Protein chains: 2
Amino acid sequence: MSTLENRILQITPLPEDVKKTFLGKWEKWAMPKDQFLVKENETANYIYYIEKGIARIFYYKNGKEITEWIAMDNSFFLSIISFFERTPSRLQIHTIEPSVVYGIHYDNLMNLCNEEHCIERWLRKALTGSLILSQYRMDSIQFESAQQRYEKLLENNPSIIQRVPLSYIASFLGITQETLSRIRSNL
Amino acid sequence: MSTLENRILQITPLPEDVKKTFLGKWEKWAMPKDQFLVKENETANYIYYIEKGIARIFYYKNGKEITEWIAMDNSFFLSIISFFERTPSRLQIHTIEPSVVYGIHYDNLMNLCNEEHCIERWLRKALTGSLILSQYRMDSIQFESAQQRYEKLLENNPSIIQRVPLSYIASFLGITQETLSRIRSNL
DNA sequence: CGCCGAGTTGAACTGAATCAAGAAACGTGG
DNA sequence: CCACGTTTCTTGATTCAGTTCAACTCGGCG
């Protein structure tokens, strides 16, 4: 069983035939480092799953690059607003390591959602999970200190420091690189 | 056509018969001021819709009350994590004006989702909308100044200042009451 | 060897929090 | 309709976490 299949069924079980159809719609790409999956102002057409490697989701705010998410470890990711609203993406997504990425196209996913109630349910549950995650993250950004956020990240994802440049991590945590550097020297 | 019906169909159209069944599952309550819809540590059983009045969603963080959301103007609201994960709610919800509120019970909603694909789709689309909102709010909290956030709130919802105590608005904006007071005197 | 990007360190600055005290508005009972 | 206490809001002084800007260090590599 592939890790993608595993991860999909973790969200909700699917009958054998539907599962097969669903999995068949996911395309697979092996990508070098620094490849773009979504570029600015293009409409995002895929929900992605990263099997190996790291992808970074970022955007520009007042001329500065903001890292919104770092995807690794068999997780899903996408440019949410662009994908669902079919509008040009403010977010960009690129690999920062050679990566193995799967993706399902918007049209395929929506067709499956219409044909198969259980795929609609799968998507609903996946979105519920994202929304819950989003709530936790909001609370963390608003009320935890930079140090607390860094410590939490270390706990949940110790390998990230070895593999992702400090400037990206700082931006993801919502602080400057200098502040992150100071936090690290105080531990 | 009721405002609830209106708002439901705004998310996605529904066939006449399903719409009727769905609407039939929404209970209606007229509530006085300061009534609790969800109490701490109870599992939240309803998705609510407020037709008239104001509800406030809040929780305690380090002994302080945090206003997470203020619902008015024909909008939906709920304790997301408790409702979907069926766990005790950290959030509390209470009315801060006499209000007319509708609610659909978790069991009813889930049964309908299973029976009717289009209700599942409705829920999926509603969640997508929430997730998008949540993304915008995260960006706003992280990168906009207190003043910008206040000005935006005024634009989107001018009546809120007349109807909601300043301390709640401040907390909702993620600032202290003193800071909000100073912002207002500088305009 | 010297350059270059990544990370560190320092000093000054700033937006907002905190603590503390007043002022204004509000509603309840006499 | 006024007086009083309570809640809501404002103002001031101080403090603090984190930013900004600038200079410096370190490790790798052409």
Side-chain angles (χ1 to χ4, degrees), chain A residues 32-34 54 56 58-68 70 94-98 137-154 158-187, chain B residues 32-34 54 56 58-68 70 94-98 137-154 158-187:
Chain A
K33 194 181 160 169
D34 286 322
I54 307 184
R56 183 176 72 108
F58 67 99
Y59 64 104
Y60 285 93
K61 177 104 190 175
N62 308 324
K64 275 185 202 160
E65 218 183 85
I66 307 297
T67 295
E68 165 158 312
I70 295 167
H94 74 160
T95 56
I96 60 177
E97 268 186 10
R137 185 147 188 245
M138 191 116 64
D139 182 271
S140 163
I141 284 173
Q142 202 169 0
F143 299 111
E144 286 168 13
S145 68
Q147 175 137 358
Q148 285 176 304
R149 270 174 278 152
Y150 179 66
E151 284 170 7
K152 232 183 202 175
L153 181 69
L154 278 196
S159 73
I160 203 170
I161 319 102
Q162 273 81 53
R163 296 167 68 190
V164 179
L166 219 61
S167 60
Y168 295 165
I169 295 177
S171 168
F172 174 58
L173 291 172
I175 57 181
T176 59
Q177 184 172 326
E178 292 94 323
T179 300
L180 180 52
S181 179
R182 280 183 249 271
I183 287 170
R184 300 216 300 173
S185 65
N186 286 351
L187 289 184
Chain B
K33 194 181 160 170
D34 286 322
I54 308 184
R56 183 175 74 108
F58 67 98
Y59 64 104
Y60 285 93
K61 176 103 191 174
N62 309 324
K64 276 185 202 160
E65 217 184 84
I66 306 296
T67 294
E68 166 158 312
I70 295 168
H94 74 160
T95 56
I96 60 176
E97 271 186 10
R137 183 144 189 247
M138 190 118 61
D139 181 273
S140 163
I141 284 173
Q142 201 169 0
F143 300 111
E144 286 168 15
S145 68
Q147 174 137 0
Q148 285 176 304
R149 270 174 279 152
Y150 179 65
E151 286 170 4
K152 233 184 201 172
L153 181 68
L154 278 196
S159 74
I160 203 171
I161 319 104
Q162 274 80 53
R163 296 168 66 191
V164 180
L166 219 61
S167 61
Y168 295 165
I169 296 177
S171 169
F172 173 59
L173 291 172
I175 59 182
T176 59
Q177 184 173 322
E178 293 93 323
T179 300
L180 180 53
S181 179
R182 280 184 248 271
I183 287 171
R184 300 215 300 173
S185 66
N186 286 351
L187 289 185

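No hydrogens, no waters, no symmetry mates; every other heavy atom, side chains included, goes into these values. Quick note on labels: first sequence line is chain A, next is B, and so on, each numbered from 1. Remember, it's a predicted structure, so these values are computed and weren't measured experimentally.
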Colleague: Starting at atom CG of B:L173, determine the distance to atom C1' of D:dC9, rounded to an integer number of angstrom.
Modeller: 16 Å

Colleague: Expressed in angstrom and rounded to an integer, what is the separation of B:F143 atom CZ from D:dT20 atom P?
Modeller: 11 Å

Colleague: B:Q142 CD to D:dT19 C1': how many Å, rounded?
Modeller: 14 Å

Colleague: What string of B, S and - do you get for nucleotides 15-29 of chain C, 5' to 3', when a contact is any protein heavy atom under 4.0 Å?
Modeller: -SSBBB---------

Colleague: To the nearest angstrom, how far is B:N186 atom CG from C:dT14 atom C1'?
Modeller: 15 Å

Colleague: Measure from CD on A:Q177 to C1' on C:dT8 and round the result to the nearest Å.
Modeller: 9 Å

Colleague: Does C:dG7 have OP1 or OP2 under 4.0 Å away from a side-chain N or O of A:R184?
Modeller: no

Colleague: Is there a donor-acceptor pair under 3.5 Å between the side chain of A:S140 and the backbone N or O of A:R149?
Modeller: no

Colleague: So A:D139 and B:I66, do their side chains get closer than 4.5 Å, heavy atoms only?
Modeller: no

Colleague: Name each donor-acceptor pair under 3.5 Å that joins a side chain in residues 159-173 of chain B to protein atoms two or more places apart or in another chain, with its distance.
Modeller:
residue: B:R163; atom: NE; partner: B:E97; partner atom: OE2; Å: 2.8
residue: B:R163; atom: NH2; partner: B:E97; partner atom: OE1; Å: 2.8
residue: B:S171; atom: OG; partner: B:T67; partner atom: N; Å: 2.6

Colleague: Heavy-atom count around B:K61 NZ within 6.0 Å, excluding the residue itself: above 12?
Modeller: yes

Colleague: I'd like to check B:Q148 versus B:F143 (side-chain heavy atoms, cut-off strictly below 4.5 Å). Are they in contact?
Modeller: no

Colleague: With a 4.5 Å limit on heavy-atom distance, are the side chains of B:F58 and B:E68 in contact?
Modeller: no

